[in-house]
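Before any comments, here is the structure.
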Amino acid sequence: MAATGETQPAKHQEVGHKSLLQSDALYQYILETSVYPREPQSMKELREVTAKHPWNLMTTSADEGQFLNLLLKLINAKNTMEIGVYTGYSLLSTALALPDDGKILALDINRENYEIGLPIIEKAGVAHKIDFREGPALPLLDEMINDVKFHGSFDFIFVDADKDNYLNYHKRLIDLVKIGGVIGYDNTLWNGSLVAPPDAPLRKYVRYYRDFVLELNKALAIDPRVEICQLPVGDGITLCRRIS
């Protein structure tokens with residue numbers, strides 16, 4: 001009970017709910033009015049399957065999935081990369097947005113999680129667009145950096161993986177995305193913890209990765225090679241458009 005005697009609203013139970021909106025009712029309105037009525041059946045099915053997984057908070061939220069799908073269409077993306085796949089909700093959103101000959105290089109250290117969503121991705125008819133690679137992303141990115149044919153070859157890259165390596169990813173991805181292309185970094189508002197006082201009662205993993213996210217945000221803000229826009233969608237997503 002609050003000090004006023006009023007009952008506090010229950011925490012939103014939506015899988016992937018990371019919205020920083022103060023009103024859960026307003027977030028539910030967005031989902032029910034704009035997101036769920038337009039959500040493809042395959043994405044709905046994958047979202048519901050992921051909800052049963054013990055790590056379901058790792059999934060991309062439905063509103064962010066809708067945003068990514070529209071963004072990819074707006075920039076006419078065709079060759080993309082995703083670092084951090086989990087069960088594949090954002091991957092499916094991307095695959096549905098790309099033309100039939102579009103490609104996604106999908107990197108994740110856990111193929112088992114990806115295979116949870118794979119039957120749904122296959123049923124949606126977009127599995128042929130995905131080149132899944134299991135293992136750490138950095139060694140593969142280094143190989144690509146050493147091959148000039150990959151320089152400037154990606155239209156869009158989405159990163160939702162280990163936050164302590166975000167800056168390491170950026171140092172490599174900036175050469176792999178084309179000029180005019182976009183890199184999206186997920187979780188850049190990190191549970192709202194970036195402005196929390198030093199003694200705030202944060203969960204252990206939130207506190208551990210907080211400094212890495214802060215470091216990334218500072219670096220992106222002064223990187224002259226990109227234009228940026230940080231959006232409070234999901235847990236925060238920063239879009240970087242390469243300009244040089």
Side-chain angles (χ1 to χ4, degrees), residues 11-21 24 27 31 35-36 39-40 42-69 80-96 104-121 124 130 132-138 156-169 183-194 202-214 216-217 231-239:
K11 183 64 180 174
H12 203 288
Q13 297 301 306
E14 185 62 40
V15 170
H17 171 57
K18 306 163 189 172
S19 174
L20 299 173
L21 289 173
D24 282 337
Y27 182 61
L31 292 175
V35 179
Y36 290 160
E39 185 180 38
S42 56
M43 291 183 65
K44 178 178 185 290
E45 186 178 348
L46 182 48
R47 176 167 54 82
E48 292 175 345
V49 167
T50 303
K52 301 172 184 177
H53 194 278
W55 301 341
N56 57 44
L57 189 63
M58 290 171 55
T59 192
T60 300
S61 60
D63 54 323
E64 186 173 0
Q66 183 186 61
F67 168 73
L68 292 172
N69 183 275
T80 73
M81 185 193 307
E82 181 161 331
I83 301 176
V85 172
Y86 186 42
T87 61
Y89 187 80
S90 58
L91 185 64
L92 177 56
S93 177
T94 298
L96 291 170
I104 312 166
L105 177 60
L107 312 178
D108 200 288
I109 59 172
N110 190 320
R111 186 178 185 93
E112 184 178 347
N113 288 336
Y114 169 62
E115 289 181 345
I116 293 172
L118 184 56
I120 299 171
I121 292 171
I130 300 169
F132 181 86
R133 310 279 187 93
E134 183 179 22
L138 288 174
F156 179 79
I157 302 172
F158 182 58
V159 185
D160 183 10
D162 42 335
K163 316 309 169 193
D164 45 342
N165 268 318
Y166 267 27
L167 265 181
N168 289 325
Y169 292 140
I183 307 171
Y185 291 101
D186 203 17
N187 306 112
T188 58
L189 292 176
W190 201 231
N191 288 243
S193 67
L194 306 187
L202 302 177
R203 283 174 287 182
K204 186 176 180 180
Y205 84 93
V206 173
R207 184 175 296 281
Y208 174 77
Y209 288 112
R210 177 178 179 269
D211 288 345
F212 293 107
V213 178
L214 283 167
L216 172 78
N217 289 341
L231 300 170
V233 176
D235 192 28
I237 177 171
T238 299
L239 301 179

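Source: prediction; values computed, not measured.
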Contact check, side chains of [X] and [Y], non-hydrogen atoms, under 4.5 Å:
| X | Y | value |
| --- | --- | --- |
| Tyr36 | Arg47 | yes |
| Asp160 | Tyr166 | yes |
| Ile130 | Tyr114 | yes |
| Trp55 | Tyr86 | yes |
| Asn113 | Asp108 | no |
| Asp162 | Phe212 | no |

Which atom of [X] lies closest to which atom of [Y], heavy atoms considered:
| X | Y | value |
| --- | --- | --- |
| Ala62 | Leu31 | CB-CD2, 4.2 Å |
| Gly234 | Ser61 | CA-OG, 3.9 Å |
| Ile116 | Val49 | CG2-CG1, 3.5 Å |
| Ser90 | Phe158 | OG-CE2, 3.8 Å |
| Ala137 | Leu107 | CB-CD1, 3.8 Å |
| Val213 | Asn187 | CG1-O, 3.8 Å |

Atom pairs and distances, side-chain donor-acceptor, residues 202-209, under 3.5 Å, sequence neighbours left out:
from   : atom 1 : to     : atom 2 : distance (Å)
Arg203 : NH2    : Asn191 : OD1    : 3.2
Arg207 : NH1    : Pro198 : O      : 3.4
Arg207 : NH2    : Ala200 : O      : 2.4

As an exercise, state the distance from [atom1] of [X] to [atom2] of [Y], rounded to the nearest 0.5 Å.
| X | Y | atom1 | atom2 | result |
| --- | --- | --- | --- | --- |
| Lys163 | Tyr185 | NZ | OH | 12.0 Å |
| Ile83 | Leu138 | CD1 | CG | 7.5 Å |
| Ile120 | Leu46 | CD1 | CG | 4.5 Å |
| Glu82 | Thr60 | CD | OG1 | 6.5 Å |
| Met81 | Ile157 | CE | CD1 | 4.5 Å |
| Asn110 | Glu134 | CG | CD | 6.5 Å |

Practice task
Decide yes or no on side chain to side chain donor-acceptor pair (under 3.5 Å) for Thr50 and Thr87, but give the supporting numbers first.
Solution key: CA-CA 7 Å; Thr50 303; Thr87 61; 2.8 Å; yes

Problem - Test item: Ser193 side-chain N/O and Trp190 main-chain N/O as donor-acceptor pair under 3.5 Å - result: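 Between the backbone of Trp190 and the side chain of Ser193 there is a qualifying donor-acceptor contact (under 3.5 Å).
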
Practice task
Say whether, by atom type as modelled, one donor and one acceptor occur between the side chain of Asp63 and the main chain of Val35 under 3.5 angstrom.
Solution key: no

Exercise for the section: Dump the intermediate steps for side chain to side chain contact (heavy atoms under 4.5 Å, CB included) on Glu64 and Asp186, then the final yes or no. Expected result: CA-CA 10 Å; Glu64 186 173 0; Asp186 203 17; 2.8 Å; yes

Residues two or more places apart in sequence or in another chain: which of them pass side chain to side chain contact (heavy atoms under 4.5 Å, CB included) with [X]?
| X | result |
| --- | --- |
| Asp211 | Leu214 |
| Pro40 | Ser42, Met43, Leu96 |
| Leu167 | Glu215, Leu216, Ala219 |
| Leu231 | Phe67, Cys229, Val233, Ile237, Leu239 |

Problem - Contacts of type ring-ring contact (aromatic ring centres under 6.0 Å, His included), residue Tyr169, not counting sequence neighbours - result: none

